[in-house]
Number of protein chains: 2
Amino acid sequence: MVKLTSQRQALLDFINASNRHWDADELARALADAGTPMGIATVYRGLAALESAGLLDSIQLADKKRYERADKAHHDHMICTDCGAIEEFAHPTIESLQLSVAADRGFTVSGHQLVIFGLCRGCSNQGL
Amino acid sequence: MVKLTSQRQALLDFINASNRHWDADELARALADAGTPMGIATVYRGLAALESAGLLDSIQLADKKRYERADKAHHDHMICTDCGAIEEFAHPTIESLQLSVAADRGFTVSGHQLVIFGLCRGCSNQGL
DNA sequence: ATGATATTGATAATGATTATCATTTGCATC
DNA sequence: GATGCAAATGATAATCATTATCAATATCAT
Ligand SMILES: [Mn+2]
Ligand SMILES: [Mn+2]
Ligand SMILES: [Zn+2]
Ligand SMILES: [Zn+2]
């Protein structure tokens, strides 16, 4: 039986109150600053538990995993390689084409991750 | 000036002779078995140098980076979460839709990574 | 309120990758 | 072909995110 502890509630509230993609360390620091410090191992375990309960979503980037609210529709991400900004986009046609190419190969899809790298509008304009 | 050493040549030859997606450790072991052992740090540095020279491609998976030949056209990957098989696919429409959605947001694309997770045909049929 | 059990937290361990640094090697130049 | 030097090598330490340990604590069904 999975328990809803004060630590997990704090993690969930914190992420749900924002629109960011948090890593474990950022959350530990932010929660400490907010007056609800918790051990870093508890942060990792809490995030994993909340995700498998469907209460959080995550994206696995090259170096670390980032968590976000789960109450948004499925979307993918564009990441600015200059300023680190993470933008979201949803594209139904891309989604369905993925399913069809997988089906063509007899592949049973359980998930996917699409990340576009480049320069966001602001950083693109820096170089003008 | 970047030097083409015997170690780097061995790495390149080894990967070009195969169709796999290698991680650094697999390469170190395979090269040792093949009679051209080299330090693991040399493997990492060699792979990075060859990739930035455009002689190798890579995909960054959750836990580790995997290298493959660069003489194939751009493609994305489907990974079987059961047996670990990595299949390749190319889909021009998905590619161009990515560029258009990025352009819509003023995003200058430098690259992307699309990975589809699920069960390959063989593993899908296991559960029948 | 009680007890079984899941969670916490401090810390050690792990695993992939990078940094150090003394030694060696590729290669441009003579 | 010999020389010189910047770049590469390799053994190993360090780093960084994440997971494992384990004794103490908190949750929750009863
Ligand atoms: Mn998102
Ligand atoms: Mn490939
Ligand atoms: Zn930017
Ligand atoms: Zn499979």
Side-chain angles (χ1 to χ4, degrees), chain A residues 1-15 20-68 79 81 84 86 113 115, chain B residues 1-15 20-68 79 81 84 86 113 115:
Chain A
M1 132 259 315
V2 64
K3 296 179 182 175
L4 184 49
T5 64
S6 64
Q7 288 89 336
R8 290 177 181 180
Q9 189 65 60
L11 280 170
L12 190 55
D13 290 346
F14 213 95
I15 293 174
R20 296 179 41 191
H21 303 80
W22 300 84
D23 68 38
D25 202 56
E26 287 171 345
L27 281 164
R29 276 200 302 275
L31 286 165
D33 291 349
T36 49
M38 69 185 76
I40 186 65
T42 302
V43 174
Y44 277 104
R45 284 178 304 219
L47 291 171
L50 291 167
E51 182 179 25
S52 66
L55 299 172
L56 288 180
D57 278 345
S58 74
I59 50 177
Q60 174 68 58
L61 302 185
D63 50 339
K64 60 182 67 167
K65 200 169 184 178
R66 289 183 172 275
Y67 290 85
E68 65 178 318
I79 302 182
T81 52
I86 302 180
Q113 184 166 291
V115 180
Chain B
M1 136 255 315
V2 64
K3 296 180 182 174
L4 184 48
T5 63
S6 64
Q7 290 87 338
R8 290 176 181 181
Q9 190 66 60
L11 280 170
L12 190 55
D13 290 345
F14 213 94
I15 294 174
R20 296 180 41 191
H21 302 80
W22 300 83
D23 67 38
D25 203 56
E26 287 172 346
L27 281 164
R29 276 200 302 276
L31 286 165
D33 291 349
T36 49
M38 68 186 76
I40 186 65
T42 302
V43 174
Y44 277 104
R45 283 178 305 219
L47 291 171
L50 291 167
E51 181 179 25
S52 66
L55 299 173
L56 287 180
D57 279 344
S58 73
I59 50 177
Q60 173 69 56
L61 300 186
D63 49 340
K64 59 183 66 165
K65 200 169 184 178
R66 289 183 171 275
Y67 291 83
E68 66 178 318
I79 302 182
T81 52
I86 301 180
Q113 184 166 291
V115 180

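What you are looking at is a predicted structure, and each value in this text was computed from that prediction instead of being measured. A, B, ... follow the sequence lines: proteins, then strands. Residue 1 opens every chain.
Within the nucleic acid shown, D23(B) has no heavy atom closer than 4.0 Å to any nucleic acid atom. Backbone-only contact: K64(A) has heavy atoms under 4.0 Å from sugar-phosphate atoms and none from a base. T5(B) comes within contact range of the sugar-phosphate backbone alone, with a heavy-atom separation under 4.0 Å but no base atom that close. Counting any heavy atom pair closer than 4.0 Å across all strands shown, R45(B) reaches a base atom.
Closest of all the heavy-atom pairs between A28(B) and I40(B) is CB-CD1, 3.8 Å.
Judged by distance alone, the side chains of T42(B) and Q7(B) never bring a donor and an acceptor atom under 3.5 Å apart.
OP1 and OP2 of dA26(D) both lie 4.0 Å or more from every side-chain N or O belonging to Q7(A). Here Y44(A) reaches the OP1 or OP2 of dT18(D): one of its side-chain N or O atoms lies under 4.0 Å away.
One interatomic measurement links the two molecules: CG of L27(A) to C1' of dA17(D), which rounds to 14 Å at whole-angstrom precision. Between the P atom of dT8(C) and the CD atom of Q9(A) lies a distance of 12 Å, rounded to the nearest Å. Regarding M38(B), its CE atom lies at a distance of 19 Å from the P atom of dT24(C), rounded to whole Å.
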Could you go through E51(A) and K65(A), starting from their C-alpha distance and side-chain angles, then the distance that decides it, and tell me whether this counts as salt bridge (Lys or Arg N to Asp or Glu O under 4.0 Å)?
CA-CA 12 Å; E51(A) 182 179 25; K65(A) 200 169 184 178; 3.2 Å; yes
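Annotation: of the two residues near DNA chain D, A41(B) and M1(B), the 5′-most nearest-nucleotide partner is M1(B). Map A49(A) and D63(B) each onto its nearest nucleotide of DNA chain C; the residue landing nearer the 5' end is A49(A). Comparing T42(A) and K3(A) against DNA chain C, the residue whose closest nucleotide sits nearer the 5' end is K3(A).
Taking only distance into account, the side chain of K65(B) never meets the base of dT17(C) through a donor-acceptor pair shorter than 3.5 Å.
A side chain to side chain donor-acceptor pair (under 3.5 Å) with R66(A) is found for exactly one of H21(A), Q60(A), E26(A), namely E26(A).
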